[in-house]
Amino acid sequence: MEENIFDGFLQVNSLFSDKEVLRHTHMPAKLPHRDTEVEAIMFNLVEALKGNVPSNMIIYGPSGAGKTAVINFICRQLEKKGRQIGRYVNPVYVNCRKIDTQYRVLAHLGNSLLEEYEQEDIPFTGWPTDRVFSELVKRMNLKGGVHVLVLDEIDHLVKKSGDDLLYNLTNLNAELDEARCSIIGISNDLKFTGYLDSRVRSRLGQEDLVFKPYNAQQLQDILTERAEVGILANVLSEAVIRLCSALAAQEHGDARRALNLLRVSTEKAEQSGDVVVLERHVRMAQNQIECDQITPAIAALPSQQKLVLFSILQIEHQGLRNIATGEIYEIYKQACKHFGNNILTQRRLTTLLSELDTLGIVTAKTISRGRYGRTKQVNSCIPNSIDAVKIMIDADELMQAVGDGNYRLQSRL
DNA sequence: AATCCACAGGAAGCCCGGGAAC
DNA sequence: GTTCCCGGGCTTCCTGTGGATT
C-alpha cells in the first residue's frame, strides 16, 4: 500500500474516549460544588415560569469559577421548562467582551428576537442608538413573555463605555407592556458596581451572588468526574489529577485551566506513545498552554502595539528590567524611525502599554520613585521559549525593514 | 512640612470609514 | 448626492499624586 504521512498518527491508540467532555465548553449533566449557587439563581428565575418578573442579579467571581457554566446550565433548563408548561421564557446571552458597545449589545439583543416576524436585521452600524432601542422594545413586546438578559463580563463593557446601556436596560420594564425582562450581570470584578450610577446600582443589584474560586479538592472532583467519561480507564493516576488540580488552584482556582491542563497532558502522553499520563506530560502541557495562548496574541497585535512591545524587548535585551514609561517612549521613537512608522504621543503609548498589561503580555505596575516621579514599571512576561520579535516581524509587513536598529537608552548610559 | 518629579489617566474633541436615510 | 449616526484611533489639554529630597 502507498505510504501516507498520516499513517503513523492514525495508528496511535487514542487515550481519550470522548475528548469533547474535557473542553470547558462542554456542559456536563451536573455541576459539582455549585449546588448552592445553582439553587440561589433558580430560586429567583423560577418566577419567570410563574409569570412574574425575576429580580435583576449580579454574579461575581473570578474566571473559571463556573459562573458562565452555571448560568448557561440554568438558562437551558429554564427555556425547556417554559416550553413544557407553555410559558414563553427567552434567555439571551451576550458576552460583553466580544460585543462591547452599547449599540452592538442592543443590536445583538434585537437581532436575537428576529426569526418569526420577517423583520429586517438591525444593521451593525448606521442607526441612531435610540432607534435600535425602540426597535428592541417593539420586538420584545411582539414576542411577549419574560426575557432574561444575561450580560457576561459586564464589568468590561462598563469600564469601556460607561453605564448608559445598563441605565437603559434596567429601565426596560417601564417601556414594555406586553413583555417583561430581567437582567443578570456577570462580573469578574467585585468592585464593579462602584463604576455605576447609584440608581442603576440599586436597580441592577437587587440580588448579588459571589462565586468563590474552586479549591484544589473541588477541582480534583471536577477532573475526576470528567476524566471518567472522557479518558480511558487506567490512563490517569490519581497523582496526575492531583497535580493538575493543584496547579490550577494556584491560578485562582480556574476550572477551565484545570481541564485544559488535563486534556493537553493526555494529548502529550498520546503523542509520546505512552499509555499512561505522567508528571512530565503535565509539565510539558503547562508549557504548551502558555505558548499557545501568547503566540497568537502577539502575532495579532496592531502594528503600533507591536512597536511598543518591540521597544520593551529591545531594552530588556540590554539586560535591563523594571523599565519606565519614558524609557520605552525614547526607544519607541527610535524604532518608529527605523521602521518608517509615524510616532504617536506618549499619552497614547500609556494606553497601549496598559492594554499589553491586560493582555498579559507584559506587567505594568505603577510605582512612585519619590522625587523621581511616578511611572509604570514594565517587565515583559513572555516565556524564554518564544521568540517574540520574530513572531511580530513575521506577522507584520510594516516591520520587515532591514538591518539592525541600534537602540540606545540615553537615560541609563 | 513643603516641594516637585515624571508620569498616570480622565475629558473632550478631531478625523476617518462604514453605513442608513432622505 | 447630502446629511445623519457609530465607533476606533488618535491628539490636546488637563488635573492628580506617592514619596525621596529639600
Would you indicate, yes or no, if C:dG8 has its OP1 or OP2 atom less than 4.0 angstrom from a side-chain nitrogen or oxygen of A:Arg104? yes
Spacing between A:Arg371 atom CZ and C:dA20 atom P, to the nearest angstrom: 12 Å
For the pair A:Arg280 and A:Asp274, find out whether any cationic side-chain nitrogen is under 4.0 Å from an anionic carboxylate oxygen. yes
Side-chain donor/acceptor contact of A:Thr125 with base of B:dG18 under 3.5 Å: yes
For the pair made of CD in A:Glu135 and P in C:dC6, what is the distance, rounded to whole Å? 16 Å
Do NZ/NE/NH1/NH2 and the carboxylate oxygens of A:Glu135 and A:Arg131 come within less than 4.0 Å? no
Taking DNA chain C as the partner, which of residues 344-358 of chain A come within under 4.0 angstrom of it by heavy atom? A:Leu344, A:Thr345, A:Arg347, A:Arg348
cation_pi(A:Lys19, A:Phe16) dist<6.0 Å, angle<=45: yes
Given atom CD of A:Gln305 and atom C1' of C:dC10, what is their separation to the nearest angstrom? 13 Å
Between A:Lys159 and A:Asp189, does any NZ, NE, NH1 or NH2 come within less than 4.0 Å of an OD or OE carboxylate oxygen? yes
Phosphate OP1/OP2 of C:dG7: any A:Lys160 side-chain N/O under 4.0 Å: no
Both A:Arg374 and A:Arg369 contact DNA chain C. Taking the nearest nucleotide for each, which residue is further toward the 5' end? A:Arg374
Gap between atoms CD1 and C1', on A:Ile122 and C:dC5 respectively (whole Å): 15 Å
A:Ile367 CD1 - C:dT17 C1' separation (whole Å): 13 Å
Among residues at least two apart in sequence or on other chains, which ones pass salt bridge (charged side-chain N to carboxylate O under 4.0 Å, His left out) with A:Asp163? none
Does A:Thr325 put a side-chain nitrogen or oxygen below 4.0 Å from OP1 or OP2 of B:dC7? no
Could you tell me the separation between the CD1 atom of A:Ile328 and the C1' atom of B:dA6, rounded to a whole number of Å? 14 Å
